[in-house]
Every structure is written in structure tokens, then in C-alpha cells.
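None of the values given here were measured: they were computed from a predicted structure.
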Amino acid sequence: MTTSSLFQTYVRSELEFERGEGVWLYANDGRRYMDCASGVAVSGLGHSHPKLVEALQKQAETLWHVSNLYRSKEQEELGQLLVDNSFADKVFFCNSGTEAVEGAIKTTRRYFYAKGEPEKYRIITFEGAFHGRTMAGLAAGGQQKYLEGFGPALEGFDKVPFADLEAVKAAIGPQTAAILLEPIQGEGGIKAFDPAFLRALRALCDEHGLLLVLDEIQCGVGRTGKFFAHEWAGIEPDVMAVAKGIGGGFPLGAFLATDEVASGMSAGTHGTTYGGNLLAMTVGKAVLSIVLEPEFLEKVQKKSLLLKQKLAALVDSHPEVFKEVRGSGLMLGLVCKGDQGLTLKACRDNGLLPVPAGENVLRIMPPMVISEEEISQLVEMLETAALATEAAQKK
């Protein structure tokens, strides 16, 4: 029986950190750890980035919150940055990824309602998906382990096997409104949809008058070497959910849409108390001012190629521990052959902090500011962890 005042909804490590710098976290016992998961794809610019710290401190000294009852220059500026660098015409700011998905789902349904087609509300989703913890997000993801005990799931989602185009076609009916997916499934095990498949989905949506809704909460904002992951396929969605990396560690989410699709979200149809607050907007602008700098994404691509090559060599050297490398950019996963938890513990014992995902995967998603030297350190730590895992497996 725990004496903690907190809900026991997390299986927490005993690790506790007191500060961070770049890719490194410093525990309260003095040990240093490499954060090779970026707080689950959040701290894309590392810890305590001076430009983010400066922006937050400067805003904190003037004004924190006034509510969305008033005009916000900061919201408009960050919104314009997103519009100028994406498919979208309109942006709604919220506080988290799950709120962004919720807003994207509401925008999708409302669009068809406003068009006089309220019967079109069903959304096709994929096995292995994770779209957050609201009731709509849970229903969209469709994973029973997250739905259990919360009563009937929200109706209106049709799940099909991963990357099965024929199943998608078969699922389309007169009530279908949209197709929703993560270009790279994060929680599902770093499983990337092939660019050709994404193009086929875009064509299907165009053919049947459906919306293509993307969840780029984990794979967006530079993580794959493009500003958004769908850019690799040369397509554009109609609606998109964004969070995690856009705030660099500060709570910030957004959902984006074209003018046509956003038109259904008229005054009073959606709202938020804290979404778009001045602190979040200021940090978001600072994040994008860095990510959108010339050559930043080129450097991410270069570093991701180096890391993937080194991880592939590691897999070849330790076939009893790892099966393969998955993913794109700096959103990679090592598929474990044996006990994922055993290798995770060996990593933590050696000062490395990956995070687990589905299908026995360890996510390797370091901050995008990681240096080539630190990439070598990361792989060396994984090598040591692999050797420790092999030794433990023999016992």
C-alpha cells in the first residue's frame, strides 16, 4: 500500500531528476543520464534550451493569462507561423495531444454537419493506434487495455488492420466521414506507414469525399527530418493534431485545418480556458524559430541517418537481444528479441533513458539537438546494455 497522495496510474521508476541540460538529465543522487526519448518526443530541443528559457522568463514578467475572450497577438503570430509552414489555413490552440485529437475529431464531425450531412460521422482508424486518453481518443485508438473499465466506448470508429488498403476500402460506407492515423505509430511500436500507402489514402479520401485526419503529435515538428512527417509522402491532410514537440516541454497542443473544413467550427462550438495562453504561445514561437531555421531539419536528417546506421550495426552484433530497427528520422525503435523490461533496466543502469512501446520496442528518440559525439555515446551505452542483457539471459 503506497502512502503517496498521487493517483497510482503510473508505474514509476524510482529515478528523480533535479535539472537538465541539452540531452542530459541529472538525478538527485548526482548521476547523469542521457535522455534518448525526449520525454516521449516532447523535449525536441533538449533541456533548458537558452532561447526557450529566455522567452519564457521574459513573458512571465509581463502577463500570463487573460483568457480567449480577448484578442491575442501571440496566438495570431504562432498560428501564422504554422499556417505559413503547413497545409493549414486555421489553427486552434489547446494544452495537450489528447485535446488536439479531440478537437480534430469534433472538427471533422462538425464539418459534415454544417454541410447538411450529419449522418457522416464515422472515422476509420488502424490497429495499433494511440490517439490519447479522452473517451474519444480511447475509442479512436480502440485498444482494449486502455478502454477496459470505462463503460461503453464512444461510438463511431471503425478499426482496420495496420496498412491494409483493401480493409480501408471495405470499411468505407455512407456514414464514413474520415480516415484518422499517425504517419508513424508511436505507442504502437514505431510503425511507419509507407509513403505510397499514405498517398493511396489521400486518393481514397478525394474519391469518396472523406477527410484525411493526421495525428502528428509524436512524429511532427521536425522529429523525422521534415517539419511534419506526412511531407515525406508528398501529401496534405485536411485536419491535423499537433502537440508534444511544439512546446519543447511546455504544455501546448493545436489542431489545424483548411479554411473549408474549419468553417464548421463557428463561434461557441469549441473552447478552452488555458489553451493559447501567453506563456505557451511564447515558448511555441521560440521552438518554431529554431526548428524552422535554415539547415536545422537538414541536420536532423544527417544525424538520424548516422544514428540509424549505428543502431543497425548494433542489432547485427547482438541478434539475441535485438531483432530490427524501425522508424524514421530521430523517431526510431529497437525491436527487442527477448524481455523488453530486462533491456530497459540495463539501459537505465547504464545511464540511458529510452522508453518502451508496443510490440516489444524500445523507443530511441533523443532531442534533435543531439551531437554526433553524443550519438556515439548513446550507441556505446546501448552496447553495454546489450551485453548486460545477454549475461542476464544466460543465467
Side-chain angles (χ1 to χ4, degrees), residues 6-11 40 92 94-164 166-182 185-189 191 201 204-205 208-218 237-241 243-244 253 255 257 261 264-265 268-273 275 356-359:
L6 303 178
F7 268 60
Q8 300 302 296
T9 54
Y10 298 102
V11 180
V40 194
F92 185 103
C94 51
N95 308 286
S96 66
T98 194
E99 289 176 62
V101 169
E102 186 84 10
I105 291 170
K106 288 181 69 175
T107 299
T108 298
R109 289 186 169 188
R110 182 77 186 187
Y111 168 68
F112 286 102
Y113 173 86
K115 283 182 65 180
E117 301 177 84
E119 72 281 0
K120 297 188 75 169
Y121 69 96
R122 303 194 69 83
I123 297 175
I124 297 171
T125 60
F126 291 87
E127 290 179 359
F130 181 81
H131 296 298
R133 302 271 189 168
T134 61
M135 293 303 289
L138 291 174
Q143 295 194 43
Q144 192 56 42
K145 65 180 179 179
Y146 297 130
L147 285 163
E148 184 179 358
F150 295 109
L154 181 69
E155 206 265 338
F157 298 94
D158 299 305
K159 185 167 61 174
V160 298
F162 179 85
D164 188 332
E166 294 307 310
V168 175
K169 292 177 181 178
I172 296 173
Q175 293 181 310
T176 305
I179 300 172
L180 165 64
L181 74 158
E182 307 151 87
Q185 290 186 348
E187 302 298 324
K191 295 172 65 178
L201 289 185
L204 266 182
C205 288
H208 293 277
L210 312 179
L211 301 185
L212 181 61
V213 185
L214 296 184
D215 176 342
E216 291 236 13
I217 288 162
Q218 195 161 147
D238 302 292
V239 187
M240 182 169 68
K244 290 186 181 288
F255 53 96
V261 176
M265 296 293 276
T269 56
H270 196 57
T272 171
T273 296
E359 299 198 353

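- Residues Thr134 and Val101 form no side-chain contact, since every pair of their non-hydrogen atoms from C-beta on lies 4.5 Å or further apart.
- With values rounded to the nearest 0.5 angstrom, Ile172 atom CD1 is found 5.0 Å from Ile179 atom CD1.
- Among all heavy-atom pairs drawn from Leu212 and Pro237, the shortest one is O-CB, 3.5 Å.
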Check the pair Leu204 / Leu210 against side-chain contact (heavy atoms from CB on, under 4.5 Å), numbers first and verdict last. CA-CA 8 Å; Leu204 266 182; Leu210 312 179; 5.9 Å; no

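- Looking only at distances, a side-chain donor or acceptor of Gln143 sits under 3.5 Å from a matching main-chain atom of Ala129.
- Considering only heavy atoms from C-beta on, Tyr113 stays 4.5 Å or farther from Thr269 through its side chain.
- Screening Leu154, Leu147, Thr98 against Leu138 for a side-chain contact (heavy atoms from CB on, under 4.5 Å) leaves a single residue, Leu147.
- Other residues, nucleotides and ligands place more than 12 heavy atoms under 6.0 Å from the CZ atom of Phe162.
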Distance-only donor-acceptor hits, side chain of residues 116-127, under 3.5 Å, sequence neighbours excluded:
| from | atom 1 | to | atom 2 | distance (Å) |
| --- | --- | --- | --- | --- |
| Glu117 | OE2 | Lys115 | NZ | 3.3 |
| Tyr121 | OH | Glu155 | OE1 | 2.9 |
| Arg122 | NE | Asp158 | OD1 | 3.3 |
| Arg122 | NE | Asp158 | OD2 | 2.9 |
| Arg122 | NH1 | Glu155 | OE2 | 2.4 |
| Arg122 | NH2 | Asp158 | OD1 | 2.8 |
| Thr125 | OG1 | Ala140 | O | 3.0 |

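- Looking at heavy atoms from C-beta onward, Leu211 lies out of side-chain contact with Leu180 at the 4.5 angstrom threshold.
- Nearest approach of Val160 to Ala171, heavy atoms of both residues: CG1-CB, 3.9 Å.
- Here NE2 of His131 is found 11.5 Å from CD of Glu187. Values are rounded to the nearest 0.5 Å.
- Between Val239 and Leu214, the closest side-chain pair of non-hydrogen atoms is not below 4.5 Å.
- Looking at Glu182, its side chain does come within 3.5 Å of a backbone N or O of Phe130 through a donor-acceptor pair.
- With a 4.5 Å cut-off on side-chain heavy atoms, Thr176 and His208 do not count as touching.
- The distance from atom CZ of Phe92 to atom OG1 of Thr107, rounded to the nearest 0.5 Å, is 8.5 Å.
- Judged purely by atom type and a 3.5 angstrom limit, Gln8 uses its side chain to pair as donor or acceptor with the backbone of Leu6.
- Under the rule for a side chain to side chain donor-acceptor pair (under 3.5 Å), the partners of His270 that lie at least two apart in sequence or sit in another chain are Lys106.
- Among all heavy-atom pairs drawn from Gly186 and Ala357, the shortest one is O-CB, 3.6 Å.
- Between Gly264 and Ala114, the shortest heavy-atom contact is CA-CB, 4.0 Å.
- Nearest approach of Cys94 to Glu99, heavy atoms of both residues: CB-OE1, 3.7 Å.
- Closest approach of Ala178 to Val213, counting heavy atoms only: CB-CG2, 3.9 Å.
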